[in-house]
Protein chains: 2
Amino acid sequence: MNVMNDSPRRKELTRQAAQLFVQAGFDRTTVRMLAQEMGIKSGSLFHHFRDKQEILTAVIEEGTQNALIIAKAALDQCDNSAEARLQAMARAHLETLLTDRNAHVVALYEWRRLDPEARDHLSHLRDAYEALWEAVIDDALAAGLIHGDRFLVARFVMGALNWTVRWYDPAGPRSPDDLAHELIAMITHRSA
Amino acid sequence: MNVMNDSPRRKELTRQAAQLFVQAGFDRTTVRMLAQEMGIKSGSLFHHFRDKQEILTAVIEEGTQNALIIAKAALDQCDNSAEARLQAMARAHLETLLTDRNAHVVALYEWRRLDPEARDHLSHLRDAYEALWEAVIDDALAAGLIHGDRFLVARFVMGALNWTVRWYDPAGPRSPDDLAHELIAMITHRSA
DNA sequence: GTCTATAGGACGATAGAC
DNA sequence: GTCTATCGTCCTATAGAC
């Protein structure tokens, strides 16, 4: 059984699973639904994953890793100013949430459905992503762009961004980039 | 069958259901768990509610109604300034989320599990609550306390507040009131 | 209003052929 | 690596006695 590999095949199956998990939630997504989406029968699914939990683990690992990579790239490419870094981080976060609309959303919204071992294994990855955020927030605080408690500011900002998943309409007039600008303008009191 | 009444008995059962829905999520809360919490057998539960869906509907109706009542009371009792109203609204919101820790949380986090008819029936109540928020945000914008798009500001603020459910520790050093102060300070740029 | 008992179905997962 | 077939379990909901 191909457990714990990361073949292109498994990656593709993971991608398809993420889509269903976002649409219906983990608990309501059956292995039969997953198999149908993948074009195989439900029994065949267990050749690729040990059990349903392992699919969730794969999706969340993929989603967090991807968010981490994209955020790092965004920070590398932008100006070194505290404001530019804040903008870049918010934009990257929203794009992984609202444009991909898949694995990163599952990582945020289905985290509680992980069993304890998987949560333990993935918490380091999640912590690394949050550390990136806190570093950017620290810079903004040091630059006097924003004020307040580092821990709370980081969580309020991430909360505002994470909640967009619930109301954002991709067919509407605003892009993820617009949202990032508006949020940063709101907390820094500069014009959008 | 006592469907659609609001006896004290049914209210109490609804309150107990809310607790389980918060702890395990709606999908993972079985009717057997609900019945046990209520001190009856699972078959007896259907004397009080037509089906499991109706329990969720009752919880979410209760949670939203309660949040609405508490928010209105908080607005009535506070100073009439835009800042005081913003504070009062945020504090009321957090207290229904973090102190009760039950029905309002279910209303926010299990909304998608409602069937279409129930969602239709409850959307007016939810809209009334959000209208309260938007009125308060409007005042703050008019007073120059904050800047930006009314729709976006309201959703960012509610998102930051709603997400607290995921990380807030009631045993920690901060009260819901502290959180409300810090958030308002962050977006108005006044000291907490 | 609560009980016992169970119907009837969906679910996750396995076995073994190909 | 995929199939068919199915096992055993758990679930929501019902029926009928008390």
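Throughout, protein chains are lettered first and strands after them, A, B, ... in sequence-line order, and every chain is numbered starting at 1.
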Which letter, B, S or -, goes with each nucleotide of nucleotides 2-12 of chain C from 5' to 3', with contact meaning a protein heavy atom under 4.0 Å?
-> BBB------BB
List the atom pairs, with distances to 0.1 Å, where a side-chain N or O of residues 64-83 of chain A and a protein N or O form a donor-acceptor pair under 3.5 Å, not counting sequence neighbours.
residue	atom	partner	partner atom	Å
Thr64(A)	OG1	Ile60(A)	O	2.9
Ser81(A)	OG	Ala84(A)	N	3.0
Glu83(A)	OE1	Arg190(A)	NH1	3.3

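- Remark: Phe21(A) pairs with Phe26(A) by the ring pair (Phe, Tyr, Trp, His ring centres under 6.0 Å) rule, at least two apart or across chains.
- Applying the ring-ring contact (aromatic ring centres under 6.0 Å, His included) rule to pairs touching residues 60-99 of chain B yields His93(B)-His104(B), His93(B)-Tyr129(B), His93(B)-Trp133(B), sequence neighbours excluded.
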All N/O donor-acceptor pairs, side-chain side in residues 27-39 of chain B, below 3.5 Å, sequence neighbours left out:
residue	atom	partner	partner atom	Å
Asp27(B)	OD1	Arg28(A)	NE	3.0
Asp27(B)	OD1	Arg28(A)	NH2	3.0
Asp27(B)	OD2	Arg28(A)	NE	3.3
Arg28(B)	NE	Asp27(A)	OD1	3.0
Arg28(B)	NE	Asp27(A)	OD2	3.3
Arg28(B)	NH2	Asp27(A)	OD1	2.9
Thr29(B)	OG1	Leu20(B)	O	3.4
Thr29(B)	OG1	Gly25(B)	O	2.7
Thr30(B)	OG1	Arg32(B)	N	3.4
Thr30(B)	OG1	Met33(B)	N	3.0

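- Among residues two or more places apart in sequence or in another chain, the ring pair (Phe, Tyr, Trp, His ring centres under 6.0 Å) test is passed with Tyr168(A) by none.
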